[in-house]
Structure formats: C-alpha cells, structure tokens
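Worksheet: one structure, shown below.
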Amino acid sequence: MTIFRLGYVAMSKTLKNASPSQTMTHTRFQTIPDREAAIRKLEAIARSNLHNTLRLLKHNLAHDISFFRMSSKLVPLATHEDLRNWRYISALTEELKAIGDYAKANEMRVDFHPDHFVVINTHDKEIFQRAMIVLKYHFMLLHGMGIDPTHRCVLHLGGRYQDKEQALESFIENWALVPSSLQKMIMIENDDKSFTLEDCLYVCEKLNIPLVFDLHHHLANHSDKNWVNAWSRVVNTWKSSPLPLKMHISTPKSEEKFKSHADFIDPEMFLDFVKNVSGTIPQIDCMIEAKQKDEALFRLVNDLKDAQDITWVDNTVFQWNSDQ
DNA sequence: GCCCGTCAAGGAGTA
DNA sequence: TACTCCTTGACGGGC
C-alpha cells in the first residue's frame, strides 16, 4: 500500500494578489539615488513575498494541501554581488519564523527548486562560487524558518560541456568543495536535455543524494525509456532521507513543444505511473508542475475522484489499493 | 488596463 | 567568436 500526496509549485491561480515573487531588478535598484531607501524598498518587497507565502500555506491548509514548493524569489537581489553586505535575514526574522512555525504546526512539507543557473559541475570558479551563494541563501531562508534543511533543494547536475561522462565526474569532484551543510539540502533531478535518469542515478548512488524522478523529463531525455527498470534504484536513493520520496509530475504541452509544461495534468498518464509504483514504498509525494498551478491540482483530484482502486485519505492524499 | 520589451542567470545551439 | 534562444514571473513604459 502506498500513500500518494499531491503538491504544487510556488504560486496560486485561485488566491488573488498573492504573488510570493515580486521583485526589483538590479537596473531599477541602481536608479534609486538613496541606497538605504532602495534597500528598505527591497525589504518591503521581501516582506510582502513572505506574507503572501504564509497566505499560500493557509490557502493550502484550507484545501488539505500539505506539500508545496516555495518560490526562490522571496528576497529580491539577496544573492546579488552589489548587496553582499545586506543583512536581509535579520530584517525578516519575524516573517520567516511565522512561515516555519505554520508549516511545522500543520505538518507541511515545503522545499525549494533553485533555478538552473546553480551549476555545481562547472570548471569556472566564479560560477561555482555564485552557485554556493545561491545555495547559502536558500539555507539561510530555511534556517530563518526553523526548518530542518535536509533535502529541501532540488538541483540539476549542470552543464554537459561536450563530454557528458567527464561532466558527471566534474560534479563528483566539485561535490567535495560544497560545504556539508549545503550538501545535506540537495536532491538531484533528471533533466530534459542533458542528464538522464541513468546519469543521475550514477551520481546519486555514488554521493548518497536522493533522486527526484521527473517523468516528463524522462520521456524527453532517456537512455532506456522504460523507467520502471530503474525504479528500485530511485527508491533506494531515499533510504536515509527523513522525508518521503519526491516526484515531479507534468504533461507535455504538445508534440511540437514536448518539453514545455501543459496547463493541466493528463490523469491517464498519472494513473499509469501510480499503478506502476504502488506498493514499492510507503509514501510518494507528487509535485504537480503545471501552468495552472493549484488549479491543475484541483482538476487532477477531480479527474481521479471516481477512479477504481483509489481510496482518498483527504482532499489531496490517496491510497492505491494495489493488492485488490 | 492591455501590450510588449526588458530583466536576470548559464548553457546549448547555430551562424 | 558572436549571436539567439531557452525559462520564469514580474516590472514598467507606451498607448
């Protein structure tokens, strides 16, 4: 018996005026003559983003959603080199704590997915250092929230650099340069153009990193299309994690734009996945990556309402009765 | 209030 | 070597 829990990404299509990603570009920042006033403006934007994140968590609770990826843009320009001395965490102590307290009190799983510019396997020291600054920013946010940072950041393996085998080895070499506090945060996801499930398994097994399997990326980029052959290895990468196995679920936009995310999730494809993995592990957390965000989650739930062999635990958590 | 160019990032692909 | 595109949500100028 496997429990499936559904979650969604960063922002809501139903909750109005609740963006957690308001920003100020550095170009705009530079046009404000009073630097202190500009920094106060950044802090006001960040407070609004954190306030809206808390509103999103409350919205989620009202809909039984306990799995959520937070925006990585909560604090604009936090990792910009021009703002290295800005002590943004101390300015946002209360707002961060409120989010963490709420998530913990309601047993919510929250995490991040820093964008693909965080490249660990680079040979360029500056790019590597920038990646560390971005990871540290995520670590600080989690620390400010009082949330155990273990396995809270999903990353890709990085660039292919004309030689994929060497690029994989570069990741392993550079991993030793990543501070252990940041190593603990990281999960690795297979991507849609460079590193396949097999590539990621090679690295994850070697470095003991949980693998976040993205089914859509796998369909776009694979060595063996039948992912079921590798599923037990994916499960095994999670054996020492305090969190349940995490998946990414999305549907191709079209045949022409296969790699892009569709507005909603194809329930047939999702059910096929569910059937294949049910019984292999006690719980799987499925992150819905669809353009319509929580609307897509609600529609998927509705589409599955009458599916045979599904028993709903609450509005977004179900069991697949595989033994029946 | 809508439209669309711009902002940011690193890598891949093309000329 | 130099460029364009990819991706994302938001900003902000123009109308």
Side-chain angles (χ1 to χ4, degrees), chain A residues 8-32 38 41-42 44-53 55-56 68-84 112-138 153-164 166-168 170-171 174 189-196 199 214 216-217 220-221 248 250-254 256-263 287-296:
Chain A
Y8 72 99
V9 175
M11 58 181 284
S12 168
K13 287 288 181 180
T14 54
L15 193 65
K16 300 302 175 194
N17 300 315
S19 169
S21 308
Q22 289 170 286
T23 193
M24 184 195 293
T25 64
H26 186 246
T27 304
R28 173 93 182 112
F29 177 81
Q30 285 177 307
T31 65
I32 301 173
K41 175 68 179 164
L42 287 176
I45 294 170
R47 278 195 194 94
S48 172
N49 288 340
L50 294 170
H51 172 69
N52 283 337
T53 299
R55 286 178 62 209
L56 286 162
F68 182 60
R69 178 196 300 166
M70 295 184 287
S71 167
S72 282
K73 297 176 180 170
L74 294 176
V75 187
L77 303 181
T79 60
H80 198 284
E81 60 179 4
D82 190 25
L83 285 132
R84 246 345 104 66
F112 289 111
H113 191 347
D115 61 36
H116 61 285
F117 308 112
V118 175
V119 183
I120 287 182
N121 74 337
T122 177
H123 284 301
D124 186 320
K125 286 182 179 173
E126 284 189 18
I127 292 170
F128 182 81
Q129 280 312 315
R130 275 200 287 276
M132 293 306 103
I133 287 166
V134 175
L135 288 176
K136 189 180 174 191
Y137 156 74
H138 287 86
C153 281
V154 179
L155 294 184
H156 295 290
L157 283 177
R160 207 166 51 208
Y161 305 117
Q162 287 88 49
D163 183 345
K164 198 168 76 168
Q166 182 52 50
L168 287 171
S170 296
F171 185 96
N174 285 2
E189 176 194 358
N190 57 305
D191 68 75
D192 56 5
K193 52 183 181 181
S194 295
F195 297 106
T196 64
D199 298 327
D214 188 309
H216 180 186
H217 288 172
N221 177 33
H248 286 173
S250 51
T251 295
K253 187 178 180 70
S254 63
E256 297 73 34
K257 291 193 165 184
F258 190 86
K259 291 175 181 173
S260 299
H261 290 169
D263 283 353
M287 179 61 67
I288 303 301
E289 294 184 326
K291 289 279 186 190
Q292 292 302 315
K293 311 294 181 185
D294 53 341
E295 285 280 21

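Residue numbers start from 1 in every chain, and the chains themselves are labelled A, B, ... in the order their sequence lines are given, proteins ahead of strands. Below, all heavy atoms of this structure are taken into account, side chains as well, without hydrogens, waters or symmetry copies.
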Between protein and nucleic acid, restricted to nucleotides 1-4 of chain C and to nitrogen or oxygen atoms under 3.5 Å apart, what atom pairs and distances do you find?
none

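Partners of A:S71 by side-chain hydrogen bond (donor to acceptor under 3.5 Å, both in side chains), not counting sequence neighbours, listed by chain and number: A:S21.
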If you apply the rule side chain to side chain contact (heavy atoms under 4.5 Å, CB included), what do you find for A:H113 with A:V9, and how did you get there? CA-CA 9 Å; A:H113 191 347; A:V9 175; over 6 Å; no

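Remark: P of C:dG9 and CG of A:L74 are 14 Å apart, rounded to the nearest angstrom. Per the geometry, CD1 belonging to A:I45 stands 12 Å off P belonging to C:dA10, to the nearest Å. For A:F117 and C:dC6, the CZ to P distance is 13 Å, given to the nearest whole Å. As a whole-Å value, the separation of A:D192 CG from C:dT8 C1' is 14 Å. The interatomic distance linking A:H116 (NE2) with C:dC6 (P) rounds to 12 Å, in whole Å. The distance between atom CG of A:N221 and atom C1' of C:dC6, rounded to the nearest whole Å, is 15 Å. Regarding A:R69, its CZ atom lies at a distance of 14 Å from the C1' atom of C:dG9, rounded to whole Å. Between A:R160 atom CZ and C:dC6 atom P there is a gap of 17 Å when expressed in whole angstrom units.
In this structure, A:S194 and A:D191 approach most closely via the heavy-atom pair N-OD1, 2.5 Å. For the pair A:A10 and A:P20, the tightest heavy-atom approach, listed with the atom from each and the gap, is O-CG, 3.1 Å. Listed here is the closest heavy atom pair of A:F171 and A:H156: CE1-O, 4.5 Å. Across all their heavy atoms, A:N49 and A:K73 have their closest contact at ND2-O, 3.4 Å. Looking at every heavy atom in both residues, A:F68 comes nearest to A:Y8 through CD1-O, 3.5 Å.
A 6.0 Å sphere centred on CG of A:N17 holds no more than 12 heavy atoms belonging to other residues, nucleotides or ligands. Enclosure of atom NZ in A:K41 is not indicated, since only 12 or fewer non-hydrogen atoms of other residues, nucleotides or ligands lie within 6.0 angstrom.
Of the N and O atoms on the side chains of A:S12 and A:T14, at least one donor lies less than 3.5 Å from an acceptor on the other residue.
Put simply, chain A comes within 4.0 Å of DNA chain B, heavy atom to any atom, from B:dC7 to B:dG13, going 5' to 3'.
The side chain to side chain donor-acceptor pair (under 3.5 Å) contacts involving residues 120-138 of chain A comprise A:S72-A:H138, A:H123-A:S170, where partners must be two or more places apart or lie in separate chains.
For the pair A:D294 (side chain) and A:K13 (backbone), a donor-acceptor distance under 3.5 Å is present.
Distance check, rounded to the nearest 0.5 Å: CG of A:L155 to CG of A:D115 gives 10.0 Å. A:R69 CZ to A:H248 NE2: the interatomic distance, rounded to the nearest 0.5 Å, is 4.5 Å.
Residue A:K257 is out of contact with every strand shown, counting any heavy-atom pair closer than 4.0 Å.
End-to-end axis angle for the helix from B:dG1-C:dC15 to B:dA15-C:dT1, using five pairs per end and rounding to 10°, comes out at 60°.
Within residues 18-29 of chain A, the residues that have a heavy atom under 4.0 Å from DNA chain C are, in order of number, A:S19, A:S21, A:Q22, A:T23, A:R28.
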